[in-house]
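This report refers to the structure that appears directly beneath it.
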Amino acid sequence: MFISAQRVVRGLLGSVVGAAFMASLASVPAVAQSRPSLVRDAETEALIQDYLRPIFKAAGLRASSVELYLVNSPDFNAFVASGEKIFVNTGAIIDSKTPNELIGVLAHETGHLAGNHQIQLRQQLETARTMAMIGSVVGMGAAIAGAASGSGDAARAGGGIAMGSGELVRRGLLAYQRSEEMAADRSALTYLDKTGQSAKGMITTFERFADNTLFSSRGSNPYLRSHPLPTERIDLIQAAAKKSKFYNTKDSPELQARHDMVRAKLSAFSEDPMLVMRRYPPGDTSMPARYARAILAYRTGNSRNALDQTAALVRSRPNNPYFHELQGQVLLESGRAKEAVAPLRKAVAAAPKSGLLRIMLGQALVEVGDKKSIDEAVKNLTIGLQSDPDMPIGYRSLARAYAMRGEVAMADLATAQGEFAEGKFASAKSRAKRAQSQFKTGSPAWLRADDIVSYTPPPKSR
């Protein structure tokens, strides 16, 4: 289920302060300000989590404490934000030809998380802001005193102090950022070695950036960049990577196959159809190409062709949950909810821990609408939302299911939870309060409603 994330990431996008994989410091606030589109996909998230799990273990991080977000952007980038959140652009996945290339990027970002670089950078920003203010005040004071004494040279010197202090602070902050990047590189090499993986993927990625920035970096001052130049990083990484006994270790064929399938899926869902067809032409009979063309047929409105191609995929690999998911999604969005239930049940049976798959099955069951289907819908939606509690679409379906069963208070509570997930706190509180009045004090439903009623949003980041 590749969908635009229908969630509001509370206090998140405005607080992104650093550690973009190849972005300059100046571009980091732009990431926050542009509010990129987040997307959800069970298959992609499962793959990235499998990449991250051993890296997190090597870094001493709990996988359950770090939130993963997919950003619908063609740029090759990944970054972290305060609160142990890691963002991966779809473009980084599509452009990574091997799992190892992407794993190298993820290991680097894990280095930022493990080193608390986001928190430290915030502190550095606060310090820099204070230093700049002091420098400005001192400089302007000198300028005023010079002007008052009739000394033009003193006045000009004071103005110079005010301007120069800002430049010194900026250079110091950028130097700090560069040191963080180098530290994250060293940590990444350690994690890869601990997990028996090669750093060749990191080198390949840096070489790509070195080629792309060769012309633009000529004549520029490398000390005004927040990251070390790619060529500088390549030399350092290569020297360390070649000492590892895992330097020539390759990704397993099974992992490469999963990676290729996800790349095809993301390309088909997010890139221009003409580009997708160039990547995966009709003459390409590989499984990723067939997957991409089936998705593209669905995406471009040719549901009959999409269903024919998806049925062929299912016959080829009947145990693949995501082929069943795609088949169910095409049927559901074509108004054939009753037919969508069977493939979606198979998807859930093959991947029972996926909250997204259960939510889609619940949606289909609600659309079917008979009593047995509604009871099954409530069960699957409840389980699915426990795994993915920030999916408003799931709460809306659950509210419909409860309403169809005549459970008005539970429908109000589900609606309130959906509004809360969207960041509509005022309406969520009002509806939760109304629902809470109908529940027994201290009951599980009463407590869920009380969580919303008593919630106080955190102060906005400056």
>> What verdict does the ring pair (Phe, Tyr, Trp, His ring centres under 6.0 Å) test give for Phe323 and Tyr291, after you've listed the backbone C-alpha separation in whole Å, the side-chain angles of each residue and the deciding distance to 0.1 Å?
In response: CA-CA 8 Å; Phe323 290 169; Tyr291 197 23; 5.1 Å; yes
> Of all heavy-atom pairs between Ala306 and Ala294, which one has the smallest distance, and what is that distance?
Replying inline: CB-O, 3.7 Å
> Just wondering, do Leu106 and Val88 contact through their side chains at under 4.5 Å, heavy atoms?
Replying inline: yes
> Which one of Asp95, Val71, Leu70 satisfies the side chain to side chain contact (heavy atoms under 4.5 Å, CB included) criterion with Asn89?
Replying inline: Val71
> If only atom types and distance count, is the side chain of Thr90 paired as donor or acceptor with the main-chain N or O of Ser73 below 3.5 Å?
Replying inline: yes
>> With a 3.5 Å distance limit and no angle check, can you tell me whether Lys429 reaches the backbone of Tyr455 through a side-chain donor-acceptor pair?
In response: yes
> So do the side chains of Thr204 and Lys97 get within less than 4.5 Å of each other, counting heavy atoms only?
Replying inline: no
>> Is the shortest side-chain heavy-atom distance between Ile374 and Asp370 below 4.5 Å?
In response: no
>> So that I can tick it off, tell me whether Arg400 and Glu367 are bridged by a salt bridge, with the cut-off set at under 4.0 angstrom between side-chain N and carboxylate O.
In response: yes
> When the ring centroid of Tyr191 is compared with that of Phe56, is the distance short of 6.0 Å?
Replying inline: no
> If you look at every heavy atom in Ala264 and Pro288, which pair is closest and at what distance?
Replying inline: CB-O, 3.3 Å
> Are any of the side-chain nitrogens in Lys85 or Glu109 under 4.0 Å away from the carboxylate oxygens of its partner?
Replying inline: no
> Quick check: does any side chain N or O of Ser427 sit under 3.5 Å from a backbone N or O of Lys424, one acting as donor and the other as acceptor?
Replying inline: yes
>> Within the 4.5 Å heavy-atom criterion, are Thr190 and Ser187 side-chain neighbours or not?
In response: no
When the side chains of residues 445-454 are checked against the rest of the protein, which donor-acceptor pairs come out under 3.5 Å, sequence neighbours left out?
unit_1	atom_1	unit_2	atom_2	d
Asp450	OD1	Gln436	NE2	3.1
Ser454	OG	Asp450	O	2.7

> If you look at every heavy atom in Ser198 and Asn100, which pair is closest and at what distance?
Replying inline: O-ND2, 2.8 Å
>> Given 3.5 Å as the limit, does a donor-acceptor pair link the side chain of Ser354 with the main chain of Ala351, or not?
In response: no
> Nearest 0.5 Å, what's the CD1-NZ distance between Ile383 and Lys353?
Replying inline: 13.5 Å
> Are Ile393 and Gln363 close enough, and set up right, to give a side-chain contact (heavy atoms from CB on, under 4.5 Å), and what steps lead you there?
Replying inline: CA-CA 9 Å; Ile393 192 171; Gln363 287 178 262; 3.3 Å; yes
> Hey, is NZ on Lys338 packed in by over 12 heavy atoms from elsewhere, all under 6.0 Å?
Replying inline: no
>> Ignoring hydrogens, what is the shortest heavy-atom contact between Ala297 and Asn305? Give both atom names and the distance.
In response: CB-ND2, 4.1 Å
> CG of Leu413 to CD of Glu407: how many Å apart, nearest 0.5 Å?
Replying inline: 11.5 Å
> What's the verdict on side-chain contact (heavy atoms from CB on, under 4.5 Å) for Ser270 and Ile94, showing C-alpha distance, side-chain angles and the deciding distance?
Replying inline: CA-CA 10 Å; Ser270 64; Ile94 294 170; 3.9 Å; yes
> Between atom CG of Asp235 and atom CD1 of Ile203, what is the distance when rounded to the nearest 0.5 Å?
Replying inline: 10.0 Å
> In terms of ring plane angle, is the pair Tyr69 and Phe87 parallel, tilted or perpendicular, where the classes change at 30° and 60°?
Replying inline: parallel
> Can a donor-acceptor pair be found between the side chains of Ser286 and Asp284 at a distance below 3.5 Å?
Replying inline: yes
> With no hydrogens and no angle check, do the side chains of Asp412 and Thr415 hold a donor and an acceptor under 3.5 Å apart?
Replying inline: no
>> Testing the 3.5 Å rule here: is there a donor-acceptor pair between the side chains of Tyr298 and Gln329?
In response: yes
> Any side-chain heavy atom of Glu419 sitting closer than 4.5 Å to one from Tyr395?
Replying inline: no
>> Would you compute the distance between atom CD1 of Ile55 and atom CG of Leu113 and round it to the nearest 0.5 angstrom?
In response: 12.0 Å
> For the atom pair CG (Asp260) and CE (Met287), what is the distance rounded to the nearest 0.5 Å?
Replying inline: 12.0 Å
>> We want to know whether Ser303 and Arg336 form a side-chain donor-acceptor pair, criterion being a heavy-atom distance below 3.5 angstrom.
In response: no
> Do you know which two heavy atoms are closest between Glu339 and Leu331, and how far apart they sit?
Replying inline: O-CD1, 3.5 Å
>> Could you measure the distance from the CD atom of Gln309 to the CG atom of Asn302? Nearest 0.5 Å is fine.
In response: 8.5 Å
> Can Leu381 and Arg358 be said to form a side-chain contact (heavy atoms from CB on, under 4.5 Å), step by step?
Replying inline: CA-CA 6 Å; Leu381 288 165; Arg358 285 190 179 273; over 6 Å; no
> Can you find a heavy atom in the side chain of Leu236 that is under 4.5 Å from one in the side chain of Asp185?
Replying inline: no
> Does Arg62 offer a backbone N or O that forms a donor-acceptor pair with the side chain of Ser65 under 3.5 Å?
Replying inline: yes
> Is Glu271 salt-bridged to Arg279, cutoff N-O under 4.0 Å?
Replying inline: yes
>> Assess the residue pair Tyr322 and Met261 against the criterion (side-chain contact (heavy atoms from CB on, under 4.5 Å)); give the C-alpha distance rounded to whole Å, side-chain angles, the decisive distance to 0.1 Å, and a yes or no.
In response: CA-CA 10 Å; Tyr322 308 110; Met261 293 295 283; over 6 Å; no
> Should Asp50 and Arg258 count as an ion pair when the cut-off is N to O under 4.0 Å?
Replying inline: yes
>> Under a plain distance cut-off of 3.5 Å, with no hydrogens placed, do Asp251 and His259 share a side-chain donor-acceptor pair?
In response: no
> Side chains of Lys200 and Asn248: donor-acceptor distance under 3.5 Å anywhere?
Replying inline: yes
>> Strictly below 4.0 Å, N to O, side chains only: are Asp375 and Lys371 in salt-bridge contact?
In response: yes
> If every non-hydrogen atom of Gln327 is compared with every non-hydrogen atom of Pro343, which pair is closest and at what distance?
Replying inline: OE1-CB, 3.5 Å
> Between Pro392 and Arg396, is any pair of side-chain heavy atoms under 4.5 Å apart?
Replying inline: yes
> Ignoring hydrogens and geometry, is there a side-chain-to-backbone donor-acceptor pair from Asp41 to Thr44 under 3.5 Å?
Replying inline: yes
>> Is there a side-chain contact between Leu356 and Met360 in this structure, where contact means two heavy atoms from C-beta onward sitting under 4.5 Å apart?
In response: no
